[in-house]
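Here is the structure we will look at.
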Amino acid sequence: MLETRGFRIVRWVVLVPLIIFTVVPLYVMLTSALKPLQDVQGPFQWWPSNLTFQPFIDIWTTVPLAHYFTNSLIVSVCATAFSVIIAIFASYALSRYTFPGRGLFSGAVLSTQMFPGVLFLLPLFVIFVNIDRSIGIALFYQTQLGLIITYLTFTLPFSIWMLTSYMNGIPRDLDEAAKVDGATAMGALFRVLLPAARPGVIAVAVYSFMSAWGEILFASQMTNAATRTLSIGLQAYSSETNVYWNQVMAASLVVSVPIVVGFLFLQRYLVAGLTAGAVK
């Protein structure tokens, strides 16, 4: 289809404001991270008059950023691993088998996405506190395990739904051919379906990791000083007497690196996995 002159004009009229809206905040964040604190707190300048990389060094000593980074990495990787593993088996069962309660289970999984996350905060808090109190061990509340389980409550349903949609688009003939060759149900899953569903699996993993990495609501209530994650740890750059804005900007850029790098490398799989249900 040939593009008309009017279409090109409309496209640029729409895209240019969106580009400005996206790029300008990133530019301000970067330049603020390269300024001394007094310059950031003074009149705004589009270009730093005193360029410095010291904020990128100070962020590791002003607050225990490395500790928060480690906590976020452990929680996000574990939540992603559990979400992907459980979603693979659940979506395989929903896509390839008919069993009593299948429709009810599918509806229940999808219906959880209609409720806001804050609705689950108080019930999970009460459950974790009561379990820890009954066993006498701080196993769930303000622990990494409890935060991982909490993240599964909203990443797992969407992962199951998305991966089920992708597996529904894979011909059943592949399963049957593998079983004719002597493969078991699990053999057909791991040797045939999973290689074919790799874009969907990667999309689920990226979604789960991104959701856990930047989550704030549950992390603010389910962690303490020892288990605090990056999204909450960044608040430590603000004290009663001062706010280290240059270090806040520098730390925000640093903690965004894993997400940005991962997305750049896996974006084609993410797009393929998200659009599979619509085109297959």
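Quantities reported herein were computed from a predicted structural model and do not represent experimental measurements. These values consider heavy atoms only, across backbone and side chains, with no hydrogens, waters or symmetry-generated copies.
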query = Hey, are the side chains of Ser32 and Trp245 touching, using non-hydrogen atoms and a 4.5 Å cut-off?
reply = no
ask   = Has the side chain of Ser83 got a donor or acceptor atom that lies under 3.5 Å from a matching backbone atom of Thr80?
value = no
query = Under a 4.5 Å cut-off applied to non-hydrogen side-chain atoms, are Gln247 and Val40 in contact?
reply = no
Side chain to side chain donor-acceptor pair (under 3.5 Å) between Asn224 and Thr227, worked out = CA-CA 5 Å; Asn224 54 23; Thr227 58; 3.0 Å; yes
key: Tyr151-Phe154 aromatic ring centre distance below 6.0 Å   = yes
ask   = So, the side chain of Thr62 versus the backbone of Ile59: is there a donor-acceptor pair under 3.5 Å, distance only?
value = no
ask   = Is the count of non-hydrogen atoms from other residues, nucleotides or ligands lying under 6.0 Å from Arg191 atom CZ greater than 12?
value = no
query = What's the verdict on side chain to side chain donor-acceptor pair (under 3.5 Å) for Asn246 and Gln54, showing C-alpha distance, side-chain angles and the deciding distance?
reply = CA-CA 9 Å; Asn246 55 344; Gln54 191 62 36; over 6 Å; no
message = So that I know where these two stand, are Trp47 and Tyr27 an aromatic pair - ring centroids less than 6.0 Å apart?
response = no
inquiry  = For the backbone of Leu230 and the side chain of Ser72, can you confirm whether one donor and one acceptor N or O come within less than 3.5 Å of each other?
reply    = yes
message = To the closest 0.5 Å, what do you measure between CG (Leu51) and CG (Leu34)?
response = 5.0 Å
ask   = Taking atom CG of Asn50 and atom CG of Asp39, what is their separation to the nearest 0.5 Å?
value = 5.0 Å
message = Is it the case that the side chain of Ser238 and the backbone of Gln235 share a donor-acceptor pair, with hydrogens and angles ignored and the cut-off at 3.5 Å?
response = no
inquiry  = Would Tyr244 and Asp58 count as a side-chain contact (heavy atoms from CB on, under 4.5 Å) here? Give the steps.
reply    = CA-CA 10 Å; Tyr244 299 95; Asp58 294 338; over 6 Å; no
Result of checking Ile9, Leu15, Val14 against Arg11 for side chain to side chain contact (heavy atoms under 4.5 Å, CB included) = Leu15
ask   = Are Leu152 and Val118 joined in one hydrophobic group, where the rule is that I, L, V, M, F, W and Y side chains link up if heavy atoms are under 4.5 Å apart?
value = yes
ask   = Are any side-chain N or O atoms of Asn71 and backbone N or O atoms of Ala226, one a donor and one an acceptor, separated by less than 3.5 Å?
value = yes
message = Could you measure the distance from the CD1 atom of Ile170 to the CZ atom of Arg96? Nearest 0.5 Å is fine.
response = 6.0 Å
key: Crowding at CZ, Phe21 (>12 non-hydrogen neighbours, <6.0 Å)   = no
query = Can you check whether Leu94 reaches Val109 side chain to side chain, under 4.5 Å on heavy atoms?
reply = no
message = Within this structure, what is the CD-OG1 distance for the pair Glu215 and Thr150, rounded to the nearest 0.5 Å?
response = 8.5 Å
request  = With side-chain contact (heavy atoms from CB on, under 4.5 Å) as the test, would you mind laying out the steps for Leu139 and Leu145 before giving the verdict?
outcome  = CA-CA 7 Å; Leu139 187 61; Leu145 177 60; 4.0 Å; yes
task = Flag the pair Phe128 / Thr143 as yes when at least one side-chain heavy-atom distance between them is below 4.5 Å, and no otherwise.
result = no
ask   = For Ser220, does its backbone N or O pair with a side-chain atom of Thr223 as donor and acceptor, under 3.5 Å?
value = no
message = Taking OH in Tyr92 as the centre, count heavy atoms belonging to other residues, nucleotides or ligands within less than 6.0 Å. Is the count above 12?
response = yes
key: Close side-chain approach of Phe69 and Pro258, heavy atoms under 4.5 Å   = yes
request  = Fit a plane to each ring of Tyr207 and Phe158, take the angle between them on a 0 to 90° scale, and name the class: parallel (under 30°), tilted (30 to 60°) or perpendicular (over 60°).
outcome  = tilted
ask   = Distance from Leu156 atom CG to Ile149 atom CD1, nearest 0.5 Å?
value = 12.0 Å
query = Is the backbone N or O of Gly42 less than 3.5 Å from a side-chain atom of Gln38, with the two atoms forming a donor-acceptor pair by type?
reply = no
query = Hey, is the main chain of Ala205 close enough, under 3.5 Å, to the side chain of Ser208 for a donor-acceptor pair?
reply = no
inquiry  = For Phe53, is the CZ atom crowded, meaning more than 12 foreign heavy atoms sit under 6.0 Å from it?
reply    = no
ask   = Going through the distances and angles, do Ile259 and Phe209 end up as a side-chain contact (heavy atoms from CB on, under 4.5 Å)?
value = CA-CA 8 Å; Ile259 295 296; Phe209 188 86; 3.7 Å; yes
query = Quick check: are there more than 12 heavy atoms from other residues, nucleotides or ligands sitting under 6.0 Å from CZ of Phe120?
reply = yes
ask   = Passes side-chain contact (heavy atoms from CB on, under 4.5 Å), Phe56 versus Leu253? Steps please.
value = CA-CA 9 Å; Phe56 287 93; Leu253 290 171; 4.1 Å; yes
key: Beyond-backbone contact of Ile88 with Leu163, side-chain heavy atoms, under 4.5 angstrom   = yes
query = Just wondering, do Val248 and Leu234 contact through their side chains at under 4.5 Å, heavy atoms?
reply = no
request  = Mark yes or no for whether Asp132, through its side chain, and Tyr141, through its backbone, hold a donor-acceptor pair below 3.5 Å.
outcome  = yes
request  = Could you grab the distance from atom SG of Cys78 to atom CG of Leu73, nearest 0.5 Å is fine?
outcome  = 9.0 Å
task = For Trp46 and Thr31, indicate whether the former's side chain and the latter's backbone hold a donor-acceptor pair under 3.5 Å.
result = no
inquiry  = Any non-hydrogen side-chain atom of Met167 less than 4.5 Å from a side-chain atom of Leu189?
reply    = yes
ask   = More than 12 heavy atoms of other residues, nucleotides or ligands under 6.0 Å from CH2 of Trp60: is that the case?
value = yes
